[in-house]
Amino acid sequence: MRRIVRLLTALLALAATGWPAAGAAAAPVPLIEHFRQQVEPPPRLWANGAILLDAATGDVLWAHNAHARLHPASTTKVLTGLIALERGDLNAKVRISRRAATTPGSSMYLREGEVHTLHDLVYGLLLRSGNDAAVAIAEAIAGSVEDFAELMNERARRLGARNSHFVNPHGLTHPEHLSTAYDLAVITRAALQNPLFAEIVATPVKELTYEELGRKVVLYNTNRLLTWLEGADGVKTGTTDAAGACLISSATRGEQKLIAVVLGASNRWRESAALLEWGFRNFQVARLGRAGEVLVHLPVKGGKRRSVPVSFGRELAVVLPQPAEPPRMEVDLAASVPAPVRAGQVVGRARVATPGESGGERWVELVAAQSVPAASWLDRVLQVLLSLVEAEDILELHLVPGYNGQGYRR
């Protein structure tokens, strides 16, 4: 009976909030659809919307109602925290307004007129899930909650979360404040690339000292997975009557990080843990090249140096079922590049076949890791002389008794 009730709740949520917005980008096809015969069945979840995402590649491993527009509750604060870290000065002093201090729901117990650093407010936002902190941050960054919501929507669109609409920084229920499991996973993936954000959401307990107020507070992270799931390192809970129990979670094992989102879950802890465990058991990430890693040295024509190191512009990785051999990487690169060459200049690309992308491949740019200026006439003379010296050395080496062109005979 309970399962039937959960199913009916999910259907009613879809009817009430609508299907994906017109023109919204569709989530990629989950990898399980390509590898269903090679991986074990996913766990059964009773959430209104859910998704499992690989953090390195953005590949969707599994999804359920990933596009359904639902109430996100306090998982909204992932985007609020990201914007605060990107746009704010963490040492800035923020005076707490009446609106912030009287915001209902979860709180870090701010009082009107108090002055706190943005740093402390972000911790209160992401650990204690303070709605008061969310409003204080919004007012500090944008001047008002309404203007901050515009920043949220603009940032979400730039991240590719185009099926969401935010009207406040905390996630308290509003008929037009909606998101999806897919959008929240995309936003979280970007947020976790911010080192301080990742550090904060992985912190189980934080003690803050309010020196000007003469008191200390201890903030306990509302994310219980941090205390018992292997590798758990984030990220945010959310609960309202309209949204139900929600959780965005992440875990890292070895070099693989996974992000799970469950919205309106029957048991967010058990369902999130089961989803993450299933992902780690069945999938692996194969890193074929890291950002900045030098792949090859490319000859330079007319340059001050004869060659330039070529590196990956960003990481090239694919997700595969376990076990599987990494796919072959193809490199598109000219035989040489003319001088001058500037650092960061695109000189080619590396690509790899993958079933999860249109066209069946993923690619990254290959860039010059250093600048190589054009050679002057004096540089060219020196290069010619150096070539002659090297040729003479090779000739003398061939004339040495016992040398056979490959090494010395014993």
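Values reported hereafter were calculated over all heavy atoms of this structure, with side chains retained and with hydrogens, waters and symmetry mates removed. Bear in mind that the values here come from a model prediction, so they are computed numbers and not experimental data.
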Please report the closest heavy-atom contact between [X] and [Y], naming both atoms and the distance.
X	Y	answer
M152	L79	O-CD2, 3.5 Å
G313	A291	O-CB, 4.2 Å
A198	L192	CB-O, 3.7 Å
V294	P309	CG1-CB, 4.0 Å
A324	P321	CB-O, 3.2 Å
T117	K93	CG2-NZ, 3.8 Å

Run the salt-bridge test on [X] and [Y] with the 4.0 Å N-O cut-off and return the result as yes or no.
X	Y	value
R268	E271	no
E277	R253	yes
E112	R98	yes
R349	E365	no
E293	R287	no

Looking at [Y], is its backbone amide N or carbonyl O close enough to the side chain of [X] to form a donor-acceptor pair, meaning the two atoms are under 3.5 Å apart?
X	Y	answer
T75	G238	no
E33	P30	no
H64	A47	yes
D183	S164	yes
H174	E176	yes
T237	N223	no
Q345	R342	yes
R362	V352	no
N194	A190	no

Inset, instruction - May I have the step-by-step check of side chain to side chain contact (heavy atoms under 4.5 Å, CB included) for L184 and L263, ending in yes or no? - result: CA-CA 10 Å; L184 290 170; L263 302 177; 3.8 Å; yes

Calculate, to the nearest 0.5 Å, the distance between atoms [atom1] and [atom2] belonging to [X] and [Y] respectively.
X	Y	atom1	atom2	result
L31	T57	CG	OG1	7.5 Å
L90	L85	CG	CG	6.0 Å
S249	L52	OG	CG	8.5 Å
R162	T180	CZ	OG1	12.0 Å
N267	W46	CG	CH2	14.0 Å
F280	L275	CZ	CG	10.5 Å

Inset, instruction - Please list, chain by chain and in numerical order, all residues satisfying side chain to side chain contact (heavy atoms under 4.5 Å, CB included) with A339, sequence neighbours excluded. - result: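 Side chain to side chain contact (heavy atoms under 4.5 Å, CB included) check on A339 returns V300, A374.
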
Legend entry - With A185 via side chain to side chain contact (heavy atoms under 4.5 Å, CB included) - residues at least two apart: I51, L53, V261

Would you mind reporting whether [Y] and [X] have side-chain heavy atoms less than 4.5 Å apart?
X	Y	value
N163	R69	yes
P42	L61	no
I137	P169	no

Legend entry - From CA spacing to verdict: side chain to side chain contact (heavy atoms under 4.5 Å, CB included), W62, N282: CA-CA 11 Å; W62 173 89; N282 289 277; over 6 Å; no

Inset, instruction - Mind running side chain to side chain contact (heavy atoms under 4.5 Å, CB included) on R155 and E86 for me, showing each step along the way? - result: CA-CA 11 Å; R155 187 69 176 99; E86 289 178 339; 2.8 Å; yes

Inset, instruction - Run the numbers on W363 and D332 for side chain to side chain contact (heavy atoms under 4.5 Å, CB included), then give the verdict. - result: CA-CA 10 Å; W363 60 273; D332 300 325; over 6 Å; no

Legend entry - Pair T252-D233, side-chain donor/acceptor within less than 3.5 Å: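 Yes, side-chain donor-acceptor contact under 3.5 Å.
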
Legend entry - Between T76 and H177, a side-chain donor and acceptor under 3.5 Å: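 Side-chain D/A pair, T76 to H177: present.
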
Inset, instruction - Check each of L110, L208, V94 against D120 using the side-chain contact (heavy atoms from CB on, under 4.5 Å) test, and report the only one that passes. - result: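 One option only clears the test, and that one is L208.
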
Inset, instruction - Tell me, please, which residues at least two apart from F197 pass ring pair (Phe, Tyr, Trp, His ring centres under 6.0 Å). - result: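 Testing F197 for ring pair (Phe, Tyr, Trp, His ring centres under 6.0 Å), a comparison that skips the adjacent residues, returns none.
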
Inset, instruction - Just jot down the ring pair (Phe, Tyr, Trp, His ring centres under 6.0 Å) partners of F283, sequence neighbours excluded, or say none. - result: W278

Legend entry - Over 12 foreign heavy atoms within 6.0 Å of OH, Y210: yes

Inset, instruction - State whether the number of non-hydrogen atoms from other residues, nucleotides or ligands found under 6.0 Å of R215 atom CZ is greater than 12. - result: yes

Legend entry - Sequence neighbours excluded - ring-ring contact (aromatic ring centres under 6.0 Å, His included) pairs with any residue from residues 306-338: none

Legend entry - Contact list for residues 121-138, test side-chain hydrogen bond (donor to acceptor under 3.5 Å, both in side chains), sequence neighbours left out: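 Matches after skipping sequence neighbours: S74-S129, K77-S129, K77-N131, S107-D132, Y109-R128, S129-K236.
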
